[in-house]
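Worksheet for the structure shown next.
The structure presented is a predicted model; accordingly, all values stated were derived computationally and were not measured. Start at 1 and go down the list; that is how both ligands and their atoms are numbered.
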Amino acid sequence: MKPHTELLDFKTLGDDRGSLIALEENYNTPFAIKRVYYIFETKSGVRRGYHAHKYLKQLAICISGSCTFLLDDGITKKDILLDSPNKGLLIEGLVWREMYDFSEDCILLIVASEHFNEDDYIRDYGTFLKLATS
Ligand code: T46
């Protein structure tokens, strides 16, 4: 699978009571959903991630607060700010990711295409670079 990252804009359904966004597989989430997890109460100054995935596809949404993703495909690095519940960051293929600058109120929701599997992680940057550039 080729590395692919994309910032998606979700349609907000709203009325005078407030807003609602639904994530639906193969509609605004471009894969079948097998797992959802969320990262919250991240301590100030913490940087997380430091890995790539072999097969996993993920969609990351800051449903509260903000944080930034560093994305690296082995050639190009970019930083993506997530600061709105109507933005979703799609990450597919071999992409090294680090997450940082978590606001105190950040809740980072991740929708994933596979069940948790430690064997899918590449946690060594040298190994990642070799695979990404071969
Ligand atoms: C990713 C970024 C964005 C589980 O047992 N089940 C799970 O579904 C997950 C996601 C994690 N874990 C365990 C594995 C570790 O012992 O929870 C612990 C913390 O996970 P990790 O250090 O991998 O967390 P992050 O924030 O560095 O990375 C996570 C995801 O693991 C990863 O897939 O892409 O968020």
For the residue pair R35 and H115, what are the closest heavy atoms and their distance?
-> NE-C, 3.6 Å

For [X], the ligand 1 atoms whose distance to one of its heavy atoms is below 4.0 Å:
| X | answer |
| --- | --- |
| R123 | 23 (O) |
| I39 | 26 (O), 35 (O) |
| M99 | 2 (C), 3 (C), 26 (O), 35 (O) |
| H53 | 32 (C), 33 (O), 34 (O) |

Could you walk me through whether R48 and F102 pass side chain to side chain contact (heavy atoms under 4.5 Å, CB included), step by step?
-> CA-CA 10 Å; R48 310 182 58 122; F102 287 85; 4.1 Å; yes

Test T29 against F31 for side chain to side chain contact (heavy atoms under 4.5 Å, CB included), laying out the working first.
-> CA-CA 6 Å; T29 304; F31 50 79; 3.7 Å; yes

Within reach of ligand 1, part of [X] (heavy-atom separation under 4.0 Å):
| X | value |
| --- | --- |
| Y121 | side chain |
| L108 | neither |
| E118 | neither |

Taking the six-membered ring of F69 as reference, does the NZ or CZ atom of R97 fall below 6.0 Å from its centre and within a 45° cone about the axis?
-> no

Below 3.5 angstrom, do we get any N/O pair linking G49 and ligand 1?
-> yes

Please say whether more than 12 non-hydrogen atoms of neighbouring residues, nucleotides or ligands are located less than 6.0 Å from OH in Y38.
-> no

Do other residues, nucleotides or ligands put more than 12 heavy atoms under 6.0 Å from the CZ atom of F116?
-> yes

Could you find the nearest protein heavy atom to [atom] and give me its residue, atom name and distance?
| atom | value |
| --- | --- |
| atom 20 (O) of ligand 1 | R48 NH2, 4.5 Å |
| atom 10 (C) of ligand 1 | R35 NH1, 3.4 Å |
| atom 30 (C) of ligand 1 | Y37 OH, 3.2 Å |
| atom 9 (C) of ligand 1 | F116 CD1, 3.7 Å |

N28 versus L23: any side-chain heavy-atom pair under 4.5 Å?
-> yes

Within-shell test, H115 vs ligand 1, heavy atom, strictly < 4.0 Å | no

Just by modelled atom types, is the D105 backbone N or O under 3.5 Å from a matching donor or acceptor in the S64 side chain?
-> yes

Between K87 and D83, is there a side-chain N and carboxylate O pair less than 4.0 Å apart?
-> yes

